[in-house]
Amino acid sequence: MTPVQCRMARAALGWGVLVLAREAGVSTQTIVRLERGDALKQPTLDRIRETFERAGVEFIPENGGGPGVRLARRSDTA
């Protein structure tokens, strides 16, 4: 997960830094450090990514157009 993907995922969910930090169980400063490009420990990155994925975010790898995110389709159509 890149810093840009983190910001994009938060925007897609309508989450601020405080919400993401609370949901992931990390400090707000950790989110700020990630989004400015500082290196974080892999378990911390995994926790943040898993939090986004549980909330419905899919991470798109760089495939010529740059990395990105999207919201997963919901299977609970009524």
Side-chain angles (χ1 to χ4, degrees):
M1 176 178 49
T2 67
V4 170
Q5 283 177 307
C6 184
R7 289 190 299 272
M8 290 169 64
R10 283 196 309 103
L13 294 170
W15 288 4
V17 171
L18 291 171
V19 173
L20 175 56
R22 183 185 69 233
E23 294 295 320
V26 299
S27 72
T28 55
Q29 194 58 30
T30 297
I31 304 302
V32 170
R33 287 179 31 240
L34 167 61
E35 291 187 354
R36 77 173 173 226
D38 293 354
L40 300 181
K41 293 179 181 176
Q42 191 61 48
T44 303
L45 285 172
D46 292 344
R47 177 185 284 182
I48 295 167
R49 183 180 177 124
E50 289 165 4
T51 299
F52 280 135
E53 289 172 341
R54 279 193 309 275
V57 171
E58 292 180 349
F59 288 86
I60 303 166
E62 185 164 348
N63 58 4
V69 301
R70 67 177 167 215
L71 293 177
R73 288 188 182 184
R74 301 226 182 243
S75 61
D76 57 286
T77 56

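FYI, the numbering just counts along the sequence from 1.
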Chemist: Over all heavy atoms of both residues, which pair between Pro3 and Gly37 is shortest? Give the atoms and the distance, please.
Modeler: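 Scanning both residues completely, I find the closest heavy atoms to be CG-CA, 3.7 Å.
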Chemist: Sequence neighbours excluded, which residues qualify as side chain to side chain contact (heavy atoms under 4.5 Å, CB included) partners of Leu45?
Modeler: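 Residues passing side chain to side chain contact (heavy atoms under 4.5 Å, CB included) with Leu45: Met1, Leu34, Leu40, Gln42.
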Chemist: Is there side-chain contact between Arg10 and Phe52, with at least one heavy-atom pair below 4.5 Å?
Modeler: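 Arg10 vs Phe52: side chains touch.
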Chemist: Just how far is it from atom CD of Gln5 to atom CD1 of Ile48, taken to the nearest 0.5 Å?
Modeler: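 If we round to the nearest 0.5 Å, Gln5:CD and Ile48:CD1 are 13.0 Å apart.
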Chemist: Who passes salt bridge (Lys or Arg N to Asp or Glu O under 4.0 Å) against Arg54, sequence neighbours left out?
Modeler: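 In terms of salt bridge (Lys or Arg N to Asp or Glu O under 4.0 Å), with neighbours along the sequence ignored, Arg54 is linked to no residue.
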Chemist: Checking Arg22 now: which residues fulfil salt bridge (Lys or Arg N to Asp or Glu O under 4.0 Å) with it, not counting sequence neighbours?
Modeler: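 Residues passing salt bridge (Lys or Arg N to Asp or Glu O under 4.0 Å) with Arg22: none at all.
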Chemist: For the SG atom of Cys6 and the CZ atom of Phe59, what is their distance to the nearest 0.5 Å?
Modeler: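 Rounded to the nearest 0.5 Å, the SG-CZ separation comes to 7.5 Å.
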Chemist: What pairs with Glu53 under salt bridge (Lys or Arg N to Asp or Glu O under 4.0 Å), at least two apart in sequence or on another chain?
Modeler: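 Glu53 satisfies salt bridge (Lys or Arg N to Asp or Glu O under 4.0 Å) with Arg49 only.
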Chemist: What residues form a side chain to side chain contact (heavy atoms under 4.5 Å, CB included) with Ser27, not counting sequence neighbours?
Modeler: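 Expected list: Gln29, Thr30.
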Chemist: Ignoring hydrogens, what is the shortest heavy-atom contact between Leu71 and Ala12? Give both atom names and the distance.
Modeler: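 Nearest pair, atom of Leu71 first, then Ala12: CD1-O, 3.9 Å.
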Chemist: Applying a strict under-4.5 Å side-chain criterion to I, L, V, M, F, W and Y, I'd like to know whether Leu13 and Ile60 cluster together.
Modeler: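 No.
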Chemist: Let me confirm one number: the CD1-CG distance from Ile31 to Leu20, rounded to the nearest 0.5 Å.
Modeler: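 Here the interatomic distance stands at 3.5 Å.
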Chemist: Name all residues meeting the side-chain hydrogen bond (donor to acceptor under 3.5 Å, both in side chains) criterion together with Glu58; count only those two or more places apart in sequence or in a different chain, and write none if there are none.
Modeler: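 Only Arg70 meet the side-chain hydrogen bond (donor to acceptor under 3.5 Å, both in side chains) criterion with Glu58.
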Chemist: For Ala9 and Val57, which heavy atoms make the closest approach, and how far apart are they?
Modeler: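 Nearest heavy atoms, Ala9 then Val57: CB-CG1, 4.0 Å.
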